[in-house]
Amino acid sequence: MLSTTGIIVFILLLAVAGYFCVMGLAKLYNRVRIGRPIDRSDRLMERIMGFFGRQDCQRKIAREPAAALMHLPILYGVILFILGAVHLALEKLIGLVIFGSPYFYLITEIGGILLLFGMLYSAWRRYVQKIPRLDTGTWEEERFIVFLISDLCLIVVAFFLSYGFKLIASPEYFDQWRLSMAPASLLVASLFNGVEPAMAGKLELVFWWVHILAAFTLIGIPRYSPLLHPAAAPLNIIFRYMDSKIEPMEKIDFEDEERETFGVNKLSDFTWKDLLDCYACAECGRCQDNCPAYLTDKPLSPKKLLAHIKEHLEEIVPGEPRIKMVDGHMVFDQQEQKSEDAEDAKKLLGEVIDEHAIWACTTCRACREQCPNMNEHANKIMQLRRAYVLDESDFPAEAQLTFTNMERNSNPWGIGWADRANWAADLDVKILGEAEDAESVEYLFYVGCAGSFDDRIKKVSTALVKVLKEAGVSFGIL
Ligand code: SF4
Ligand code: SF4
C-alpha cells in the first residue's frame with residue numbers, strides 16, 4: 001500500500017486531472033450549444049440502450065478487415081484494461097481487493113496487450129503505411145494523435161513493468177496466486193529476475209507512478225486536445241435521428257414573415273447536433289473514400305467539410321468558461337462567451353467552406369452510410385445550398401434554367417405543366433381531381449416530375465401502372 005504522502009499526492013493529481021477533464025468537456029458543451037435547439041430528448045432509455053446494443057458502427061469499421069484489426073482491440077482492450085487498472089489502483093491505495101481471482105488479472109493483462117497491439121498497429125497504419133484517408137492535414141491534430149498513441153502505450157507498458165517488478169520484490173504476492181495468470185507481468189519478471197528484491201520494490205513503485213501520471217495526463221487531455229471523438233461519438237450516437245435511416249431535411253415555413261434567412265450561413269444556423277457531429281468525427285476518412293464527388297476529383301471531401309466547420313467553431317468560440325465567485329458561490333461565467341458568439345457572423349459560404357465543394361455533392365448519402373459515428377453530411381450541405389439559393393440568390397449558371405423551368409412549368413424539364421399526365425393517356429389511369437369516382441380510389445401513385453416528363457423514367461411509370469392494374473390495386477395519379 002502507498003504511504004499517506006503518496007495517497008495525498010495521488011488525490012491531488014487526480015483532482016488536477018479531473019479539473020482539466022471537466023474544463024475540456026465544458027469547452028465542448030459551450031461550443032456545441034451555440035447551435036440552434038433541436039429536440040433529441042425523447043425515448044432516452046431507448047436511445048441509450050440502442051447505443052449499447054447497436055453493432056452498426058463496428059460492422060462499418062469491419063468492412064475493412066485491417067481497420068477492424070486495429071479498432072476492435074483498442075475498443076475492447078480499453079474496456080478490459082480500465083476495469084483492471086482501476087481495481088489495482090484501489091488495491092494499491094487502500095488495500096481493497098474486490099476480485100481476487102487470477103482470471104481477473106488474466107483479463108486485465110489481455111486487455112492491456114490488446115490495447116498495446118491496437119495502438120502500435122494504428123501508428124503503423126498512420127505513419128508507416130501512410131494510409132491517405134487517415135491524414136488529418138493539420139500538424140496540431142497530428143501531434144495530439146502521436147501524443148495519445150505514446151501516452152496509451154506508456155500507461156500499459158508501465159503497468160506491466162510495475163507488476164513484473166512486484167513479482168520479483170514480493171514472491172509471496174505470486175504465491176497468493178494473485179498474478180499467477182498475468183502473462184505480461186510474468187514475462188517482465190522473468191526478463192529481470194536478476195534484479196535484487198529491494199531494487200525491484202523501488203522500481204515497482206516508480207513504474208506504478210509513471211503508469212498513474214500517464215493515465216492522469218490522458219484524463220486531463222480534453223482541456224487541450226482538439227480530438228474529442230471519444231467523448232462526442234457516444235453522445236452523437238445516443239442523440240441520433242431515430243425515426244428512419246435518413247434524417248429528413250428541416251421543412252421551411254415560407255409563411256413565417258419573421259424569418260429572415262432560410263439556409264445555413266453561419267455556425268449558429270446549424271443545430272447543436274450538427275455541431276456535435278463535427279466533434280464526433282474520428283477523421284477516419286471512410287466518408288471521403290466513398291464519396292463520388294471526391295473520387296472524381298471534385299473539390300469536396302465530406303471529412304474535410306466537418307473538419308473545417310470544427311476549426312471555425314474553435315476559432316470563434318474559445319469555449320472555456322471562467323470560474324468566479326458570486327455571493328460566496330462558485331459559478332461559471334459565460335459573459336465572455338456571449339460577446340465571442342457575435343463573431344459567429346462570419347460567413348461559412350466562401351469564407352470557411354469552398355463554394356464549389358457545396359455544389360459538387362450528389363446527395364447520394366454514401367458518406368452517411370459509411371460513417372461509423374452516424375454523422376449526417378448531406379443535410380449540412382443542403383442547408384448551405386439553401387443559404388446560397390434562398391438567402392444570397394447566388395448559384396451556378398447551370399441551375400438558372402432549372403429554376404426558371406420550375407417557376408414557369410413546375411418541373412425542371414420546362415415541359416408545359418398541362419402535359420404532366422400525357423404519359424398515361426392510353427393507360428386508362430384515374431386522374432384524381434378529374435375522375436368522378438376519385439373519392440373511392442384507395443392509393444395515390446405519386447409519379448413526380450421525372451416519371452412524368454423524362455422519356456426513360458416514363459417507361460418505369462408505365463410499367464408500374466401495368467403491375468398495379470394486374471394486381472387489382474385501386475389507385476390514381478395527380
Ligand atoms: S452525399 Fe455528397 S458528400 Fe456525401 S458521399 Fe454523396 S456526394 Fe459525397
Ligand atoms: S465523418 Fe464519419 S466517416 Fe467521415 S471521417 Fe468522420 S468519422 Fe470517418
Side-chain angles (χ1 to χ4, degrees), residues 28 32 51 54 56-64 66-68 70-72 74-75 122 125-126 131-138 141-142 144-145 148 225-241 245-249 264 270 273-314 348 353-386 388 396:
L28 171 65
V32 165
F51 164 69
R54 70 183 307 121
D56 299 18
C57 309
Q58 300 309 324
R59 249 187 252 126
K60 283 178 185 174
I61 291 171
R63 283 174 189 161
E64 186 193 340
M70 179 274 300
H71 195 266
L72 293 180
I74 293 177
L75 178 67
S122 130
R125 283 164 56 81
R126 265 179 192 282
I131 295 175
R133 73 174 166 82
L134 298 176
D135 181 21
T136 63
T138 70
E141 295 204 348
E142 217 53 60
F144 268 103
I145 291 172
L148 282 177
S225 172
L227 304 169
L228 294 172
H229 154 75
L235 293 174
N236 208 45
I237 296 173
I238 288 173
F239 294 120
R240 67 197 178 278
Y241 182 75
K245 200 168 179 190
I246 291 177
E247 185 173 351
M249 287 280 290
V264 164
F270 279 125
K273 176 64 177 56
D274 284 324
L275 299 178
L276 185 64
D277 273 10
C278 303
Y279 279 95
C281 176
E283 305 207 21
C284 65
R286 284 181 180 79
C287 52
Q288 177 179 288
D289 268 13
N290 289 279
C291 170
Y294 182 83
L295 293 175
T296 50
D297 294 331
K298 307 285 187 317
L300 169 64
S301 153
K303 165 179 144 174
K304 288 194 184 135
L305 178 94
L306 297 195
H308 288 153
I309 296 172
K310 186 174 93 173
E311 275 164 28
H312 180 44
L313 182 55
E314 299 199 336
L348 287 170
I353 295 167
D354 179 9
E355 166 185 354
H356 298 103
I358 297 304
W359 292 106
C361 177
T362 65
T363 69
C364 66
R365 292 180 194 263
C367 44
R368 166 72 170 79
E369 175 59 29
Q370 294 293 332
C371 178
N373 293 313
M374 308 188 75
N375 281 344
E376 179 57 77
H377 315 70
N379 281 3
K380 291 181 189 54
I381 296 173
M382 292 303 103
Q383 296 201 23
L384 290 159
R385 272 189 198 170
R386 275 183 176 174
Y388 264 124

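Start at 1 and go down the list; that is how both ligands and their atoms are numbered. In this chain, numbering begins with 1 at the start of the sequence shown.
Minimum heavy-atom separation, Asp277 to Asn375: O-ND2, 3.2 Å. Closest approach of Ala357 to Pro299, counting heavy atoms only: CB-O, 3.0 Å. Across all their heavy atoms, Lys60 and Arg286 have their closest contact at O-NE, 4.0 Å.
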(request) Could you check Asn379 against Arg365 for side chain to side chain contact (heavy atoms under 4.5 Å, CB included), going step by step and ending with a plain yes or no? (result) CA-CA 9 Å; Asn379 281 3; Arg365 292 180 194 263; 2.9 Å; yes
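Using a 4.0 Å cut-off between heavy atoms, Thr363 contacts ligand 1 through its backbone alone, with no side-chain atom that close.
Checking Ile381, Leu384, Asp274 one by one against Val264, the side-chain contact (heavy atoms from CB on, under 4.5 Å) holds for a single residue, Leu384.
Proximity of His377 to ligand 1 is not established, as no heavy-atom distance is less than 4.0 Å.
Shortest contact from atom 2 (Fe) of ligand 1 to any protein heavy atom: Cys361 SG, 2.3 Å. In terms of protein heavy-atom proximity, atom 6 (Fe) of ligand 1 is closest to Cys364 SG, 2.3 Å.
Heavy-atom proximity to Thr362, at under 4.0 Å, picks out these atoms of ligand 1: 2 (Fe), 6 (Fe), 7 (S). Taking every non-hydrogen atom of Leu300 and a distance limit under 4.0 Å, the qualifying atoms of ligand 1 come out as 3 (S). Close approach of ligand 1 to Cys291 is summarised as follows: ligand atoms under 4.0 Å from at least one heavy atom of the residue are 3 (S), 5 (S), 7 (S), 8 (Fe). Taking every heavy atom of Arg365 and a limit of under 4.0 angstrom, the matching atoms of ligand 1 come to 1 (S), 6 (Fe).
Residue Cys367 counts as close to atom 4 (Fe) of ligand 1, with an N, O or S atom under 2.8 Å.
Checked against salt bridge (charged side-chain N to carboxylate O under 4.0 Å, His left out), Glu369 has the following partners two or more places apart in sequence or in another chain: Arg63, Lys245.
With respect to Arg126 and Glu142, a salt bridge is recorded, a charged nitrogen being found less than 4.0 Å from a carboxylate O.
The set of protein atoms (N, O or S) found at less than 2.8 Å from atom 6 (Fe) of ligand 2 reads Cys281 SG, by chain and number.
More than 12 heavy-atom neighbours from other residues, nucleotides or ligands sit within 6.0 angstrom of CZ on Phe270. By the 6.0 Å contact criterion, NZ on Lys304 is open, its count of non-hydrogen atoms from other residues, nucleotides or ligands being 12 or less.
Checked by atom type, the side-chain pair Ser301/Lys303 shows no donor-acceptor distance below 3.5 Å.
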